[in-house]
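Below is one structure, written out as C-alpha cells, with a few remarks after it.
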Amino acid sequence: MAIAQLDQILATAASATLEDWGQVGLPLSDPPCTLRGIKLPHLKGHAVEAGIWECSPGRYRRQVVRAETMHILSGTAVFKPDHGEALTLQAGDVFFFDAQTHGEWEIQVALRKVYLMYDAPG
C-alpha cells in the first residue's frame with residue numbers, strides 16, 4: 001500500500017459512514033456491544049484485511065485469531081488479556097496483538113479504529 005493511500009485512509013476514517021455489523025460474537029454485557037465498520041476493498045485477494053471498525057460501550061470476549069495492528073481514532077477501552085497486564089487504549093494509540101491473543105474487552109466510550117489483520121508468520 002502506498003503512503004498516499006494510507007494517508008487518505010486515516011484522513012477519512014474518523015468521519016466514514018460505517019455499515020451495521022450486528023452485535024459482538026461473545027457478549028459479556030447487557031445490552032451487548034454492537035459493531036459497525038467497513039472493509040477496505042483494495043486489499044481483496046491479499047492475505048490481509050483492513051478496515052474501519054467501531055464498537056459501542058460494553059464488554060465482550062476477543063475471538064480474533066489473526067494478528068492485528070490498530071490505530072485508535074476515538075473512544076476509550078481496556079483490554080484484559082488472559083495472560084498479562086490490562087491495557088488502556090485511547091485516541092491516538094497504536095497497538096499490536098499477536099495471533100491468538102485472547103481476553104476481555106471493556107469498551108468505556110464508543111471506540112473507533114483503523115485495523116489491519118493478517119496471518120502471522122508460522
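None of the values given here were measured: they were computed from a predicted structure.
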Shared hydrophobic cluster for Val78 and Val109 (ILVMFWY, side-chain gaps under 4.5 Å):
no
So NE2 of His102 and CG of Leu26: to nearest 0.5 Å the spacing works out to 10.5 Å
Which pair of heavy atoms, one from Pro81 and one from Ala86, lies closest together, and at what distance?
CD-CA, 4.2 Å
Do you know the tightest heavy-atom contact between Cys33 and Tyr60?
SG-CD2, 3.8 Å
To the nearest 0.5 Å, tell me how far His71 NE2 sits from Leu116 CG.
13.5 Å
What distance separates Ile107 CD1 from Ser56 OG, expressed to the nearest 0.5 Å?
8.5 Å
Between Ser29 (side chain only) and Arg59 (backbone N and O only), is there a donor and an acceptor less than 3.5 Å apart?
yes
Testing the basics here: between Phe96 and Thr69, what is the closest heavy-atom pair and its distance to 0.1 Å?
CD1-OG1, 3.5 Å
Is the backbone of Gly37 close enough, under 3.5 Å, to the side chain of Trp53 for a donor and an acceptor to pair up by distance?
no
Compute the centroid of each ring, for Trp105 and then for Phe79, and state whether the two points are separated by less than 6.0 Å.
yes
For the pair Leu35 and Gln23, evaluate side-chain contact (heavy atoms from CB on, under 4.5 Å) and give the outcome as yes or no after the intermediate values.
CA-CA 6 Å; Leu35 303 173; Gln23 69 182 35; over 6 Å; no
Will you find, in the side chains of Glu49 and Tyr115, an N or O donor that is under 3.5 Å from an N or O acceptor?
yes
Which atom pair, heavy atoms only, marks the closest approach of Ser74 to Ala91?
CA-CB, 3.9 Å
Tell me, please, whether Phe97 has Arg62 positioned over its six-membered ring: NZ or CZ under 6.0 Å from the ring centre and within 45 degrees of its axis?
yes
Working to the nearest 0.5 angstrom, can you tell me the gap between Thr34 OG1 and Asp20 CG?
7.0 Å
State whether Arg66 and Asp119 are salt-bridged, where the test is any N-O pair (Lys NZ or Arg NE/NH1/NH2 against Asp/Glu carboxylate O) under 4.0 Å.
yes
Check the pair Arg112, Leu18 against side-chain contact (heavy atoms from CB on, under 4.5 Å), reporting the backbone distance first and the verdict last.
CA-CA 10 Å; Arg112 185 179 278 217; Leu18 306 179; 3.4 Å; yes
State, yes or no, whether a side-chain contact exists between Glu104 and Leu28 at a heavy-atom distance under 4.5 Å.
yes
The complete set of side chain to side chain donor-acceptor pair (under 3.5 Å) pairs with one or both residues in residues 75-91, sequence neighbours excluded, reads Arg61-Asp82
Atom pair CD1 (Ile72) and CG (Leu89), whose distance is rounded to the nearest 0.5 Å:
5.0 Å
Measuring from atom NZ of Lys113 to atom CZ of Phe95, what distance do you get when rounded to the nearest 0.5 angstrom?
11.0 Å
State plainly whether one hydrophobic cluster holds both Met70 and Trp21, where clusters connect Ile, Leu, Val, Met, Phe, Trp and Tyr through side-chain heavy atoms under 4.5 angstrom apart.
yes
Yes or no on side-chain contact (heavy atoms from CB on, under 4.5 Å) for Leu73 and Val114, after CA distance, side-chain angles and deciding distance?
CA-CA 7 Å; Leu73 299 171; Val114 174; 3.7 Å; yes
